[in-house]
Structure formats: structure tokens, C-alpha cells
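Worth knowing before you read on, the calculation uses all heavy atoms, side chains too, and leaves out hydrogens, waters and symmetry mates.
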Amino acid sequence: MTPATAANDWESSFAYEKQGTVYGWSYVDDSTKDIHAWSYITSPAGTSELVSGWIPFPKGKVGCRVNYRSLSSGQLTVTLLDKDANIVATSTLPFTSSDNSNEIIALLNVGEEKECRAVLTVNDGYSTQLLVDGVSFYAPEPVDVRAIAITSPQLSAYADGGNLIVEAEFANYGSETVSGHEAKLEVDGQELESATLPDIASGATVNFSFDSRLQLADGTHTLAVIAGNDSVKKSLVIYQPQAYPYQETFEDTVSWKWWNSVNKDADPVYWTVMGVVKGNINYAKNGTHAAYVSSAANIVHDDWLISPAINITKTGRQRLSFFYVTTYKAASAGDVTTLDVYVDQKNNPDTLSEKTPVTTVTLTDDNLNVYRQGFVTIDVATPGLYYIAFHNTGRGHDIVLDDVRLDNGADLAVVSASHTATNGFHLSGDSITVNLQNRGATDIHTITLRTLNNDSVVASAVIDTLLHPGEEATLSFD
């Protein structure tokens with residue numbers, strides 16, 4: 001398949017249009033958007049296949065190369081069917097989200113020479129759009145080893161650049177088992193290590209660990225893993241641990257780059273830092289920027305936002321505070337987004353997910369455009385480096401997260417307030433009731449309350465009461 005032949009050489013088994021959107025496989029020929037490709041959008045009902053004409057295949061191994069773009073990750077299955085509809089060969093190709101043209105490769109084992117049709121199907125649950133503008137079948141070279149991904153270091157920012165292990169995944173798309181293939185590790189354009197990969201069978205992958213340990217100074221670095229003419233790269237930031245007490249408002253373009261955004265399922269929904277002024281509404285708690293994760297139909301959240309290392313020098317009770325809001329009304333009734341929060345000396349999502357969150361907040365339509373404060377106290381037994389991690393699950397709501405604090409200070413919040421005044425000119429008999437909560441890390445013994453009318457104090461009271469962290473009190477005064 002090429003853009004010139006795609007519309008004639010391939011056909012869709014099923015597609016239908018609803019409100020301007022074509023579901024299933026359909027050919028898009030739109031020069032204004034520079035799209036000349038087969039498009040797939042999951043159909044609510046019915047299975048859609050993209051089917052080729054009859055192709056003569058030789059006996060043996062056949063390479064399959066697919067050029068694509070996608071808004072999210074998924075799986076594309078390529079199946080060869082003979083004239084009796086028997087399966088001759090099949091392979092499932094995982095693909096990732098990519099705004100630019102990308103390539104996936106598979107090897108198919110054809111048992112005997114025959115004519116077949118190629119059938120392309122997408123996995124159930126794929127929720128966005130896949131564009132395929134090229135499919136080719138070819139005789140693979142005996143040796144075709146490629147670097148697929150750098151799997152370690154997992155994160156993009158670290159407080160310590162020493163002793164980092166580099167691991168990478170390699171695949172053999174050649175027709176023969178490969179022995180003694182060379183792979184190279186480069187740091188900032190300079191070769192650090194040349195290593196020999198283990199044997200890789202045809203069509204197999206291996207995860208390989210380089211012997212060298214990274215020793216990186218503060219700043220931004222680029223890792224490159226090379227196999228033949230193919231390479232993969234990863235950017236790393238090394239920074240100094242942050243001082244305690246800690247506050248992040250996401251306004252400083254340097255400090256928020258030390259936060260790690262982990263999008264494990266490689267979908268189009270992930271944490272980023274951005275300006276959150278929409279029209280006349282500023283959704284930031286402080287300034288104009290915040291951490292933000294969007295939401296999309298049928299996508300289940302599974303994303304991590306992890307703070308830089310914070311050097312806590314004091315033991316005992318600490319207070320974690322953050323503010324959050326959603327700007328989306330859920331498309332489906334009952335959609336709920338959950339935000340689990342961790343404070344831990346580990347920053348690996350796999351390790352954190354096995355632990356119990358220090359607090360969990362839930363976002364529903366009741367939270368629409370209404371900022372709320374998340375608050376919890378924790379006991380730190382040992383001084384050292386700690387991380388704050390946010391893990392969002394569920395679906396239906398975006399999250400704006402701002403003003404993250406880890407400290408041991410005082411904080412008194414007004415949860416609600418009411419008064420007995422009615423419309424009129426005589427307000428001197430007004431009685432005021434407030435519900436307060438101690439959201440700091442220390443006990444509160446004295447509370448001063450003031451009532452303002454047009455910014456002028458019209459009433460005040462000093463109340464002696466004991467509020468432990470997290471406790472609430474309802475107070476009234478005239």
C-alpha cells in the first residue's frame with residue numbers, strides 16, 4: 001500500500017457515518033490536512049477489517065512494515081488468509097501514540113507458496129483514531145537488529161545522576177538468528193560503551209543492560225542507544241534536591257521540569273504543566289500555570305505525576321496540602337476520577353502502586369469549576385529525601401492541580417459560613433456561624449474571627465479552643 005494505490009488496492013469490510021464521523025475503516029483523502037490514508041475509528045457495533053487484494057506470497061519468512069499515525073496506543077493484527085479463508089500467518093503489532101509518521105514491523109511465517117489476502121484489525125477498546133498510509137510486504141534481510149526503546153532509567157528527572165543503569169530493548173527483524181551483534185551507548189554525543197548483545201532469534205526481542213553506570217552532573221543530558229543504523233534516544237534532567245519546607249506553584253519554568261510525568265499506557269492523556277487560563281477564567285490557584293491532565297472519551301486514567309526529591313530535615317508531623325479542580329462535566333453519568341496521593345522515599349510508580357496512599361480525593365461533577373483543598377498529615381520518622389506522587393485513575397474528568405505544599409506550618413480553613421441577617425437596613429443583630437478545620441501540622445489554641453462589610457471590620461471575636469490537625473469546629477459570634 002502507498003498513498004497512490006491505497007484507495008484501490010485495499011477495501012473496508014464495514015464502515016458507517018454518524019454526525020460527520022466515519023466509524024470503522026474508511027479512506028481519507030484530504031489535501032487541506034495532508035491526510036491520504038486509511039482511517040480507523042472504533043465502531044460502537046460491528047467489526048471492521050481492512051482487506052487487501054490477492055497477493056502472491058513465497059514460502060518462508062515475510063516481513064510486514066506498516067506506516068501509521070495514532071492518537072493513542074493500541075494493537076494492530078495482520079492476518080494472511082488463503083482462498084478458503086484459512087489463516088496462513090498472523091502477527092499482532094503494538095503501536096504507540098505519535099503525531100508524526102511512525103513504523104511498526106513484524107515477521108510472518110508462510111508455510112507454503114500461495115496467494116493470500118492481508119487483513120488488518122484493531123484491538124477492542126481502542127478509543128481514538130489510527131491512520132495507516134503504508135503497508136508493505138518484503139523479503140527480510142538475514143540480519144536486521146533495531147533498538148526499540150530505552151527501558152531504564154524509567155523517569156526523566158533524577159536528584160542523583162550517579163550509578164544510573166541503562167537498559168534497552170532490541171528486536172531482530174531479520175530472517176536468521178543473530179549472534180554477536182554490537183550495540184552502543186552514547187551520552188551527550190560521546191560513546192560510553194560498546195557491548196555485544198546476546199543471541200536474538202528471528203522475530204524475537206531482548207532487554208539488555210549495559211555494564212557502564214551513568215555518572216551525570218546537574219543539567220540536561222541525552223542518552224542514545226544504537227544498533228546498526230538504528231537508534232533510540234532519551235532526555236534526562238539531573239537536579240539538586242529541593243529544600244524543606246516545599247511549595248510548588250508551577251510558575252517557575254525551571255523547577256517544574258524536575259517533576260516526572262509517567263504515562264505508562266502511552267495514551268494521549270498524561271500530566272503536563274501548562275497555562276490554564278481559558279477565556280475569562282483562570283483555573284490556576286496561584287499565577288497562571290498549573291499541573292494538568294486532560295480526559296478523553298473511553299480512556300481510563302492511569303497516569304503519574306511525581307515531584308522532585310524534597311530534603312526533609314525534621315522528623316515528626318508534616319502537612320501535605322494541594323488544590324484541585326475539574327473543568328469537565330462527565331459525558332457519562334457516574335463517571336468518577338480518583339486521585340491517589342503518596343509521600344514516600346521511592347519515586348518508582350511500580351513500587352508506589354503497591355503501597356497505600358496517604359490520602360485519596362474524588363472528582364465528580366460536584367467539583368466542576370469549584371477548587372477544593374486536599375489535606376493530610378503524615379509522620380516522618382527518618383530525615384531524608386521524600387517524593388510526592390499523584391496517581392489519577394477512573395475516567396470522565398480532567399484535573400487542574402496547583403499550590404502543592406509539604407511543610408509543618410499552621411493552616412486554618414473556613415469550610416462554610418452562614419449568618420442570620422435578612423434583607424434590609426438593620427444588620428446589627430446579625431449572628432454569624434462558621435465551620436472551621438485545622439489543615440495545618442500544629443495544634444491551634446486561639447482563633448480570631450472578623451466580619452467585614454465592604455472591607456471594613458464590623459465585628460470580631462477571639463475564641464480560645466483546641467483544634468488538633470484535621471479537627472473541625474463550629475463557632476458562632478455576634
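Within the structure, no pair that satisfies the ring-ring contact (aromatic ring centres under 6.0 Å, His included) test touches residues 350-386, not counting sequence neighbours.
In this structure, the ring of Tyr158 has its center no less than 6.0 angstrom from the ring center of Tyr239. Aromatic pair Trp256/Phe250: centroids not less than 6.0 angstrom apart. In summary, the aromatic rings of Tyr40 and Tyr68 are positioned with their centroids too far apart to meet the 6.0 Å limit.
Side-chain contact of Ser255 with Glu248: a donor-acceptor pair under 3.5 Å is present, judged by distance alone. Between the side chains of Asp199 and Ser179, at least one donor-acceptor pair of N or O atoms lies under 3.5 Å. Between the side chains of Glu141 and Ser175, no donor-acceptor pair of N or O atoms lies under 3.5 Å. Between the side chains of Thr77 and Thr92, at least one donor-acceptor pair of N or O atoms lies under 3.5 Å. Between Asp403 and Gln247, the side chains place a donor N or O and an acceptor N or O closer than 3.5 Å (distance only, hydrogens not considered). No side-chain donor from either of Thr377 and Gln318 sits under 3.5 Å from a side-chain acceptor of the other. Inspection of the Thr196 and Glu182 side chains reveals no N or O donor paired with an N or O acceptor under 3.5 Å. Looking only at atom types and distance, the side chain of Asn67 has no donor-acceptor partner in the side chain of Ser101 under 3.5 Å away. Side-chain polar atoms of Ser156 and Asn260 form a donor-acceptor pair below 3.5 angstrom. Between the side chains of Asn392 and Trp304, not a single donor N or O lies within less than 3.5 Å of an accepting N or O.
Of the possible donor and acceptor atoms, none in the side chain of Gln345 sits under 3.5 Å from a partner among the backbone N and O of Tyr387. Under a 3.5 Å cut-off, the side chain of Ser307 and the backbone N or O of Ile388 do form a donor-acceptor pair. Remark: side-chain polar atoms of Thr42 are paired, donor with acceptor, to backbone N or O of Tyr126 under 3.5 angstrom. Side-chain N or O atoms of Thr220 include none that pairs as donor or acceptor with a backbone N or O of Val237 at under 3.5 Å. Although no hydrogens or angles enter the test, the distance criterion places no donor-acceptor pair under 3.5 Å between the side chain of Gln75 and the main chain of Asn123. Side chain of Gln240 to backbone of Ala159: no donor-acceptor contact under 3.5 angstrom is found. No donor-acceptor pair closer than 3.5 Å links the side chain of Asp133 to the backbone N or O of His36. Using modelled atom types, no side-chain atom of Thr327 and backbone atom of Tyr283 make a donor-acceptor pair closer than 3.5 Å. One N or O on the side chain of Asp188 and one on the backbone of Thr222 form a donor-acceptor pair closer than 3.5 Å. Checked by atom type and distance alone, the side chain of Arg146 never pairs as donor or acceptor with a backbone atom of Asp230 at under 3.5 Å.
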Run the side-chain hydrogen bond (donor to acceptor under 3.5 Å, both in side chains) test on Asp398 and Thr326 for me, step by step, so that the C-alpha distance in whole Å, both residues' side-chain angles and the decisive distance to 0.1 Å come before the verdict.
CA-CA 5 Å; Asp398 65 344; Thr326 182; 2.8 Å; yes

Begin from the C-alpha positions of Asn435 and Val414 and carry the test side-chain contact (heavy atoms from CB on, under 4.5 Å) through to its verdict.
CA-CA 6 Å; Asn435 178 236; Val414 177; over 6 Å; no

Given the rule in the side-chain contact (heavy atoms from CB on, under 4.5 Å) test, do Leu155 and Asn347 qualify, once you have shown the distances and angles that lead to the verdict?
CA-CA 9 Å; Leu155 304 179; Asn347 63 348; 3.3 Å; yes

Verdict with supporting geometry, Arg65 and Ser136, side-chain contact (heavy atoms from CB on, under 4.5 Å):
CA-CA 5 Å; Arg65 181 181 292 110; Ser136 60; 3.5 Å; yes

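Here the shortest heavy-atom pairing between Leu130 and Ser70 reads CD1-CB, 3.9 Å. What you find for Asp303 and Asn263 is that their closest heavy atoms are OD1-OD1, 3.0 Å. Across Asn282 and Gly287, no two heavy atoms sit closer than the pair ND2-O, 2.9 Å. Minimum heavy-atom separation, Ser231 to Ile226: CB-CG1, 3.8 Å. Annotation for Thr337 and His397: closest pair OG1-N, 3.2 Å, computed over non-hydrogen atoms.
Around atom NZ of Lys346, no more than 12 heavy atoms belonging to other residues, nucleotides or ligands sit under 6.0 Å away. Heavy atoms from other residues, nucleotides or ligands lying under 6.0 Å from CG of Asp34 number 12 at most. The neighbour count for Tyr270 OH, taken as heavy atoms of other residues, nucleotides or ligands under 6.0 Å away, does not exceed 12. Counted within 6.0 Å of NZ on Lys33, heavy atoms from surrounding residues, nucleotides or ligands total 12 or fewer; the atom is thus considered open. More than 12 heavy-atom neighbours from other residues, nucleotides or ligands sit within 6.0 angstrom of NZ on Lys355.
Contacts of Asp340 classified as salt bridge (Lys or Arg N to Asp or Glu O under 4.0 Å), with partners at least two apart in sequence or in another chain: none. Taking the salt bridge (Lys or Arg N to Asp or Glu O under 4.0 Å) definition, one finds that Lys285 meets it with nothing, sequence neighbours left out.
A salt bridge is defined here as a Lys NZ or Arg NE, NH1 or NH2 lying under 4.0 Å from an Asp or Glu carboxylate O, and Asp350 with Lys264 meets this definition. Salt bridge absent: Arg213 and Glu193 never bring a charged side-chain N and a carboxylate O closer than 4.0 Å.
Between Leu223 and Leu236 the shortest side-chain heavy-atom distance falls below 4.5 Å.
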